[in-house]
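For reference, the structure is listed below as structure tokens.
We count ligands from 1, going down the list as the structure has it; atoms in each ligand are counted the same way. Remember, predicted model here, so these are calculated numbers, not experimental data.
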Amino acid sequence: MKNNKSLLAERNQNIPQGPFNVHPIFAEKARGAIITDVEGKEYIDFAGGIGTVNVGHCDEEVLKAVQDQMGRYIHTCFHVVMYEPYVELAKKLNEITPGAFPKKTMFVNSGAEAAENAVKIARHATNRTATIAFEDAFHGRTLLALSLTSKMKPYKFGFGPYAPEIYRMPYAYCYRCAFGLEYPSCEMRCAYFLRDFFDTHISAEQVAALIVEPVLGEGGFVVPPRGYFEILHKICREKGIVFIADEVQTGFGRTAKMFAMEHYGVEPDIVVMAKSMAGGLPLGAVTGRAELMDHPQIGGLGGTFAGNPVACTAALAVLNLFKKRDLLSRAEKIGKKVSEKFAEFKESYPVVGDVRGLGAMVGMELVLDRKTKEPATALTKKLISLCCEKGLLLISAGTYSNIIRTLMPLVITDDQLNDGLTILGEALKELNDTK
Ligand SMILES: Cc1ncc(COP(=O)(O)O)c(C=O)c1O
């Protein structure tokens, strides 16, 4: 019988090291918030396939919808023969994404593709070339998306030259403020910096789009203060710049609202989505103002598998589940519990430098010294590995990979959540005691 060790040896022999693996285990089965490996060991899943299974692994209703759809047809290619689930899902996303204006939606296969298409559409509609992105941002690994992404190693290193006309400004990362200021006395210097940016980096009239995550995902679960996005959005409006919200990681209920921008009362011109949309099947979406979305010529947008009918059907089932199980309230409760526990960890362990979050998107930044804030990168890795041994799956985030982030399925039970947090607490204690 195959075990983790023998499969790992085969993996290493046949697959390059580039596609990374956090945990040395192979899945046999996954349900709700539990993954069972090929050796029969169960793990509580706080990673959720990097935020792709907010409705849980293999939900019965998603499974049924997918099976029914597969029995009818799996793929025709939307560009050859159209199908209803694509249209139905587009209609729904046009309704539920923030913004009280006419919208249209197109589908792709991933978050990177969604981000790329949003930029393409903004360029076409404005007849401008530049895009403003942020430090610590992550928008994907394909060339334009990679160029929008900030972190050098491992994402960008060795893969240049990058796509041109991308300009980067600091994000509202209050724990590590790029301006050395403190909120609220900073008076949002980082947001108003966009005005200076037009003088020092790129003229506003050359900027097609500003793309920003409402909460940094891979960049470390950084939550900007209220007011930040309102300022950026207002300046974009004044200058005719398309405001793109990358809701790939925040979207689909993670922050206890369907889209995190709703917390800020900002209506983006374009929203990009992927990850948890289709309950684990690959699907991305770009929803935006109808006049922007309609700008590119016929045939200018699309893709062979883009908006696959099985994935669209799964996404429709996911949307039903959010309503039926009231998963937004559940996200709020999970977030509260995790934040309280992380705050306790911060009281007990000096290595916990900062705790922050929005809804169930909660992060804990680990540092070697609270004064210097030197990132505790190696220790974070050790912590994740120790938790895995104890039956809890975690992943890190941040430019220095020193942030523990929580992306558990929102259907996790109270007992599973408590057990997971207990394991994390034990592992933190163990590392603290052996330091
Ligand atoms: C905010 C954000 N945008 C884009 C992406 C890229 O998505 P994908 O990996 O599906 O290409 C990610 C992935 O982590 C993300 O978090």
Are side-chain heavy atoms of [X] and [Y] found at a separation under 4.5 Å?
X      : Y      : answer
Ile403 : Arg356 : yes
Lys373 : Arg176 : yes
Pro225 : Cys174 : yes

Discussion item. Taking Glu389's backbone N and O only, do any of them form a donor-acceptor pair with Lys41's side chain (distance below 3.5 Å, no angle check)?
Written reply: yes
Discussion item. Tell me if a side-chain donor or acceptor on Thr287 pairs with a main-chain N or O of Thr105 at a distance below 3.5 Å.
Written reply: no
Fill in: Neighbouring residues of ligand 1, heavy-atom cut-off under 4.0 Å
Ser110, Gly111, Ala112, Phe138, His139, Gly140, Glu213, Glu218, Asp246, Val248, Gln249, Lys275
Worksheet item: Pick from Lys381, Lys153, Lys151: which one makes a side-chain hydrogen bond (donor to acceptor under 3.5 Å, both in side chains) with Ser401?
Response: Lys151
